[in-house]
Amino acid sequence: MEKDVEQRMQSVSITVARATNLNMVKCKSFQAFLQVMKDSSLQGESDTIPVNVEDGVIVFDFTCSFFIGDAQALSDIAQRPVTVLLKESLPNDKKVDPETLVLGQAVIDLLPLLRGQCKFSSSVPLYPLNVTASMGSNQDSNYKQPMLDVCVSMPETLLAELDLERSNLLRVTVETAYSLPGNWTLPSGSDTSPRVYTAAVEIPLTAGKDQVLVFSDGKQKAGGQKEAEGRQKKRPCQDQLVPGNRFLPNTVIQTDAVDHEDVELASLEAQEFRREAELMKDRVCWDTEITCFVDEEGTSRLCQKITEQRLWPLEIMRSLFPLDKTTEPSKQCAEEDIQIPSHGVAFMDWGRLLYPGVKAIRGLYSVHSFSKTELLNKTQRRVSVLHELVKGLAAVPMNGSNREVRRSADRKEKQSRIATSDGGSQNMYDGSGTYIIVEVALEKPLIPKLSPEELMRRVQILIPPTSPSPSRTTSAQRAVQDFHQQVRNVVSQVSDLYLELFGVQGPQAKQCSRKQVTADLMGALNISGRYFAFKEQLKHAVVRIVRDKMQKAQPFTETEHLQAFIRELYVYLKNEMHISLTKIYCGELDEGSNYESHLSSAQLRHFAREAELTGEYQLAARYCKELLVRHPSEPEHRFSWGRLHMLTGDHMKAKECFYAAVSIEQSHQPSLMMCGILAAIFNQFEEAELFLETATTVQRPTVAAWTMLGLFLETQNKHFQAEAAFLEAKKLLTTGEVEDTGKEENGNSDGEEMKKENEATAIHQSPYIQEDAENPDTAVSPPTHCECPPTIYTETLQFLLQNNAQQMADVALSKQLLHPQGGRSVSYLKHLAHLQLLREDYCSASNTLREALLYINQFARAKVMYLQACEASPSCLTWLGLGVACYRLKELNKAEEALIRANHLNTQNAEVWAYLSLTYLRMGKRAEAEMFFKYAMKFNLQKTDLIMEFQDLRRRR
């Protein structure tokens, strides 16, 4: 693309139509002209025009042009605006400083050209050079802002449509650095020279060209108050602009939006430290935004570099003079290692820019003393951008005045010990806690995120939605009622024949066996012809059921399908016959009643699930078929039918069921998730990603949906997209646990029932465990206590194991094992045993459950042991041990009592305070828990696992 851009060098025309509200000149008439500047070079100058201030308008109709087109020029358009100077033309006999000739300055942003426009008009403010005069004028209620009406045009768009679509605009905003090193003091006394604070970061522009963004306008400010909220961002190159033009219009710094915090800045103590630093301590403010144009190859290279190394170095320095005057050509130029004053570096995490749909990140990054070794280890870079920048500027000859400035500055620098020749300054950032706030924003996300509508459209291409079945409720009811009526008629006639054969007293009077009674009755029916008459009567009723109730009107072309339908019809007719007989012999004959099964749909679902857990898959299939017959348009029953096929290992039939559920309801989340899992099993990876991503956008998002998407993306080496999915899952887990806590307090038992079902699986399916259950001393039951805090993987494993998704469950288990809050915990062992049972590895499952039981029993035994020790010789440690055991067994009231007694015996034991804070946090007493945790940290708590447990529990509560 770079070559194509260079071939399309185009002319940009700027037309200044007129100026209005000129009130910066006191005289009534004067001579004025315009100068158009770009990069400090004159691009055009208008004719001198006589001006009458009372008219209020100057018509210039002045046009000038310049050429742009290469990649660097496109970035210059984004970074360096065109300036227009309004000057007064004075007579030659007046000796006036040339600077006084400038009446005002206006800025024209050319960014619309990089967004595909070839012509735009705007009114830009015209600011005077004199700040005091401008402020005084603004206080006047009748003051009107001077304006210039300008028009920017090009013969055609600067970028072709395809180039525009694939290129991007990258904005980097360096805001403020807090908690400065101790020797960074404001100038005082004889030292009146202000320091210059510079930050620099390197970014790719094209396939082979990088650009160093230099922020050289940092100002040190005294503490005492926080930075103002909603302050405007500033332009770069502020020394070329009058004060009024240094701010970017319509841009505001969002002080509350923070996407990333370095680890050392995220703890509770660090947050208190940050609040103090941002309020009381000195800081360096840039608030400057630099925009650059990144072409297609540059965008691809940016993605590649972030993928290879997500940390990007932002280097900072402090000097007595601007960067372009930092180094004079001298012996130092020949040295390979030029010293950078107060050289620091912050490692910015740009990984989030590769999250789908993310266009901006704003983070807090710790500043460290610059080290080439650390730079290489963290970023795989060997060269300092500031070092190379200073080295390049050092080779530029300096004029006499700048040389004198340099020599004077050198003398002051030696006196103030600012340069890095001062041995203590090499590590000046260590221990100071300096951190900097930086924002990186893109015009378009690097990884586009499909909208829910587009995802659903693609799913509908794979699984077309089924049209609603025609409503035949009335005819179906009549067909069933007619069948019941025929059954009643048959029962009535058979009863009459029974009386004729055996009388009122029945077969007992004739001493006939049951087999003989049946034979006599069937013989009489055949001899009289009634048996065939009954068949003819029922035939028409059965035909109506097939046509109206089961909606089968077309002949079967496959013998297998016919046999399957006959079996289904037989089961249905038999059930309906039992319904009719039940109604007859219970004396509940109502001609207009709607006969329903003696089992409700809820009961059928329960029995089907129970049969699944006990391994009776044929019985479970029978219940599932009954549900499908009753509710053919209910996706949940199709899903249950598919889950049963997953348990039996028939993935093809399971796929058909899940597809059918999605075709009935396109937003059925469990079915979409299972469609994704099966697509991954069949190596249909694009479809798998589509189904799983769609599952995260429909209905209410779930932890399992986002986690499964992340697990799949990791298998495809899409690590940043997977990281984004896991982050969403963690957010849902954190917000959802508050609701779950409330449900538990209200007696909600749905989750407990599900746990009991999972535990029942372990008991019923393993013959080893059944044998152990007969012996109370060795019986093993699934654990219900002492579980670690739930993670996104434990939530997902529950869904995966219920649906026999063994492959992904294996991946989730390995993630849970490596998780900081996971490990070989009771929760992990329980899910591992469930997976082993699904694989019919009963011996391993039994051993796994024994290990879980031992884990539980150790706390129970510890409780007894410490209780005896407290009775024999009570001390702080014995009461602490008892409190820990009770806490792990979730006996919070007993744990509170034991820990309070331990605290009375030793008020400076940090571990006692830590467990008290955990206990109170679980009891919902957050204020007391926070106070106790502060005491634990005050007494130097060393156990990092307790600190992490408290922080995690606090986030989830």
Side-chain angles (χ1 to χ4, degrees), residues 165-166 168 303 352-360 442-468 633 635-636 638-639 642-643 654-733 735-736 792 795-796 799-800 803 805 807-808 811-812:
E165 180 181 350
R166 296 178 178 177
N168 215 325
C303 294
R352 287 175 179 260
L353 291 178
L354 293 185
Y355 288 5
V358 171
K359 296 195 295 184
L442 293 158
E443 187 85 357
K444 293 171 286 194
L446 295 176
I447 306 297
K449 183 178 178 64
L450 296 177
S451 65
E453 295 76 17
E454 176 61 19
L455 289 171
M456 191 60 67
R457 186 189 68 81
R458 296 187 182 187
V459 169
Q460 289 176 357
I461 294 175
L462 293 176
I463 308 177
T466 56
S467 57
S633 299
E636 192 61 40
R638 298 282 179 182
F639 176 80
R643 179 176 62 192
K655 180 179 178 181
E656 292 176 5
C657 293
F658 296 135
Y659 269 48
V662 175
S663 67
I664 295 172
E665 184 181 332
Q666 294 282 306
S667 60
H668 193 251
Q669 189 182 59
S671 297
L672 286 169
M673 294 158 66
M674 291 307 301
C675 285
I677 290 176
L678 287 171
I681 292 175
F682 293 127
N683 295 329
Q684 299 167 341
F685 300 122
E686 292 185 2
E687 293 182 10
E689 183 174 354
L690 173 62
F691 287 129
L692 292 174
E693 188 174 355
T694 305
T696 64
T697 62
V698 299
Q699 298 181 355
R700 183 181 177 182
T702 62
V703 174
W706 279 109
T707 307
M708 288 167 57
L709 176 61
L711 293 173
F712 171 77
L713 291 172
E714 275 198 338
T715 64
Q716 303 300 302
N717 294 324
K718 299 180 179 180
H719 298 292
F720 289 99
Q721 292 93 317
E723 185 179 306
F726 291 143
L727 184 62
E728 291 294 331
K730 291 175 183 176
K731 290 179 181 177
L732 288 175
L733 180 67
T735 57
I792 59 175
E795 296 284 321
T796 307
F799 177 86
L800 293 173
N803 298 287
Q807 186 176 357
M808 189 168 284
V811 178

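Here the structure is a predicted model, which means the values were calculated and not measured.
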Exercise for the section: Considering non-hydrogen atoms only, spot the tightest contact between Val698 and Ser667 and give its length. Expected result: CG2-O, 3.7 Å

Fill in the blank from the handout: Value for CD (Gln807) from CG (Leu678), rounded to nearest 0.5 Å, stands at 10.5 Å

Completion exercise
Taking every heavy atom of His668 against every heavy atom of Glu636, the minimum-distance pair comes out as NE2-OE1, 3.1 Å

Practice task
Just jot down the salt bridge (Lys or Arg N to Asp or Glu O under 4.0 Å) partners of Glu443, sequence neighbours excluded, or say none.
Solution key: Arg115, Arg171

Practice task
Please name all residues satisfying side chain to side chain donor-acceptor pair (under 3.5 Å) with Glu687, sequence neighbours left out, ordered by chain then number.
Solution key: none

Practice task
Please identify each residue that fulfils salt bridge (Lys or Arg N to Asp or Glu O under 4.0 Å) with Glu454, with sequence neighbours left out.
Solution key: Arg457, Arg458

Problem - Those residues that, when tested against Tyr355, pass side chain to side chain donor-acceptor pair (under 3.5 Å) (two or more places apart) - result: Glu723

Practice task
Sequence neighbours left out, what pairs pass salt bridge (charged side-chain N to carboxylate O under 4.0 Å, His left out) with at least one residue falling in residues 670-685?
Solution key: none

Handout entry: Distance-minimising heavy-atom pair for Gln721 and Ile447
Key = NE2-CG2, 4.1 Å

Completion exercise
Rounded to the nearest 0.5 Å, the CG atom of Asn803 sits from the CE atom of Met674 at a distance of 4.5 Å

Problem - Partners meeting salt bridge (Lys or Arg N to Asp or Glu O under 4.0 Å) with Arg643 (sequence neighbours left out) - result: Glu612

Exercise for the section: Could you pull out all residues at least two apart from Lys359 that satisfy side chain to side chain contact (heavy atoms under 4.5 Å, CB included)? Expected result: Pro445

Practice task
Can you sort out the partners of Glu665 under salt bridge (Lys or Arg N to Asp or Glu O under 4.0 Å), two or more places apart, ordered by chain and number?
Solution key: none

Fill in the blank from the handout: Gly676 and Ala688 have their tightest heavy-atom pair at O-CB, 3.3 Å

What donor-acceptor contacts under 3.5 angstrom involve side-chain atoms of residues 690-697, with partners at least two apart or in another chain?
{"from": "Thr694", "atom 1": "OG1", "to": "Leu690", "atom 2": "O", "distance (Å)": "2.7"}
{"from": "Thr696", "atom 1": "OG1", "to": "Glu693", "atom 2": "O", "distance (Å)": "2.5"}
{"from": "Thr697", "atom 1": "OG1", "to": "Thr694", "atom 2": "O", "distance (Å)": "2.8"}

Handout entry: Separation between CG of Leu446 and CG of Leu353, rounded to the nearest 0.5 Å
Key = 6.0 Å

Problem - pair Thr702-Leu732: side-chain heavy atoms closer than 4.5 Å - result: no

Exercise for the section: Please lay out, stage by stage, how Val459 and Leu462 fare under the test side-chain contact (heavy atoms from CB on, under 4.5 Å). Expected result: CA-CA 5 Å; Val459 169; Leu462 293 176; 5.8 Å; no

Practice task
Take Phe658 and Phe639, measure what side-chain contact (heavy atoms from CB on, under 4.5 Å) needs, and give me the verdict at the end.
Solution key: CA-CA 6 Å; Phe658 296 135; Phe639 176 80; 3.4 Å; yes

Problem - Pairing residues for Lys655 by the side chain to side chain donor-acceptor pair (under 3.5 Å) criterion, not counting sequence neighbours - result: none

Practice task
For Gln460, check side chain to side chain donor-acceptor pair (under 3.5 Å) against everything at least two apart and list the hits.
Solution key: none

Problem - Nearest heavy atoms of Ser663 and Pro464, plus distance in Å - result: CB-O, 3.6 Å

Completion exercise
Between Gln669 and Pro701, the two heavy atoms sitting closest are NE2-CA, 4.1 Å

Problem - Atom pair CG (Leu450) and CE (Met456), whose distance is rounded to the nearest 0.5 Å - result: 12.5 Å

Listed pairs under 3.5 Å, donor-acceptor, residues 707-714 side chains, sequence neighbours left out:
{"from": "Thr707", "atom 1": "OG1", "to": "Val703", "atom 2": "O", "distance (Å)": "2.7"}
{"from": "Thr707", "atom 1": "OG1", "to": "Thr796", "atom 2": "OG1", "distance (Å)": "3.3"}
{"from": "Glu714", "atom 1": "OE1", "to": "Lys815", "atom 2": "NZ", "distance (Å)": "2.7"}
{"from": "Glu714", "atom 1": "OE2", "to": "Lys815", "atom 2": "NZ", "distance (Å)": "3.0"}

